[in-house]
Student: 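Mind having a look at this structure? Questions to follow.
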Amino acid sequence: MNASIPILSAVIGAVVLFFGRNLFWLCVAAIGFAAGVTLASHIVSEPTALVQLTFAILLGFIGALLALFLQKLAIGLAGFVAGGRLAVGLVATFLVQYASHYWLTFIIGGLIGTVLLLMLFDWALIFVSSLIGAHLITNAISLPPTGEVLLFTALVLLGFLIQAASMRRKSGVSG
């Protein structure tokens with residue numbers, strides 16, 4: 001793979017890691033960018049770096065536009081899907097016969113997820129942007145598995161702490 005994609009991925013990852021809450025649109029664009037790199041290899045067999053970059057930029061741009069113009073809808077939809085998937089996963093873990101209640105479980109979990117994400121949006125965004133930023137940076141660097149896990153964990157923690165401190169400073173909360 002061309003070196004420009006990992007470098008660009010690491011730079012975007014660093015910005016999202018440290019400023020994801022303040023730059024919500026960039027956070028969503030970074031998700032689109034990462035999805036575009038992955039999607040390119042599923043649509044085109046052995047895509048060139050240019051094809052991967054094109055897919056990444058296109059999906060990143062679409063994500064940024066959606067985040068800017070449909071923020072509340074995007075947040076609600078993300079909360080609904082995440083809550084629904086989590087609820088189904090939890091029910092599947094604890095109940096053998098869950099399939100007959102799949103949609104009910106998904107809808108109830110989705111509604112709870114929507115409400116929670118809208119109520120806890122800033123904290124959820126800090127956490128998710130820290131995860132996304134750490135993922136983009138870690139994937140851009142070639143490390144052994146243990147080093148990758150350690151770096152990812154350290155970056156998530158660092159991003160979360162920096163963004164939480166920034167949010168506290170802006171809201172005037174003393175700690």
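Basis for what follows: all heavy atoms, side chains included, without hydrogens, waters or symmetry-related copies.
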Student: For residues 137-150, pull every pair meeting side-chain hydrogen bond (donor to acceptor under 3.5 Å, both in side chains), keeping only residues two or more places apart or in separate chains.
Tutor: H135-N139

Student: CD1 of I107 to CG of L111: how many Å apart, nearest 0.5 Å?
Tutor: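 So the gap between those two atoms works out to 7.5 Å.
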
Student: How long is the span from the NE2 atom in H101 to the CD1 atom in I108, to the nearest 0.5 Å?
Tutor: 10.0 Å

Student: So which heavy atom on V91 is nearest to which on T105, and how close?
Tutor: CG2-CG2, 3.4 Å

Student: Kindly state each residue pair satisfying ring pair (Phe, Tyr, Trp, His ring centres under 6.0 Å) with at least one member in residues 50-77, sequence neighbours excluded.
Tutor: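 Qualifying pairs, neighbours excluded: none.
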
Student: If you look only at pairs with a residue in residues 87-98, which of them pass as a salt bridge (Lys or Arg N to Asp or Glu O under 4.0 Å), with sequence neighbours excluded?
Tutor: none

Student: Closest heavy-atom contact between A87 and G109?
Tutor: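 Between these two residues, the closest heavy atoms are CB-CA, 3.6 Å.
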
Student: Any chain of hydrophobic side-chain contacts (each under 4.5 Å) joining I141 to L155?
Tutor: yes

Student: Report the distance from atom CD1 of I12 to atom CG of L17, rounding to the nearest 0.5 Å.
Tutor: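 With rounding to 0.5 Å, CD1 (I12) is 13.5 Å from CG (L17).
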
Student: So which residues get pulled into L90's cluster when ILVMFWY side chains under 4.5 Å apart are joined, directly or through others?
Tutor: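 Via sub-4.5 Å side-chain contacts, L90 links to L86, F94.
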
Student: In sequence, state the C-alpha distance, the side-chain angles, and the governing distance for F18 and L158, and then conclude on side chain to side chain contact (heavy atoms under 4.5 Å, CB included).
Tutor: CA-CA 8 Å; F18 298 122; L158 180 65; 3.9 Å; yes

Student: Nearest heavy-atom pair of A140 and A10: which atoms, and what distance?
Tutor: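 Shortest heavy-atom separation between A140 and A10 comes out as CB-CB, 3.8 Å.
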
Student: Specify whether W103 and F106 have parallel, tilted or perpendicular ring planes, treating 30° as the upper limit for parallel and 60° as the lower limit for perpendicular.
Tutor: perpendicular

Student: Under 3.5 Å, which donor-acceptor pairs do the side chains of residues 74-81 form with other protein atoms, sequence neighbours left out?
Tutor:
none

Student: Check residues 115-133 and write down every donor-acceptor pair under 3.5 Å in which the side-chain atom is one partner and the other belongs to a residue at least two apart or another chain.
Tutor:
from : atom 1 : to   : atom 2 : distance (Å)
S129 : OG     : L125 : O      : 2.7
S129 : OG     : I126 : O      : 3.2
S129 : OG     : Q163 : OE1    : 3.3
S129 : OG     : Q163 : NE2    : 3.0
S130 : OG     : I126 : O      : 2.8
S130 : OG     : F160 : N      : 3.1

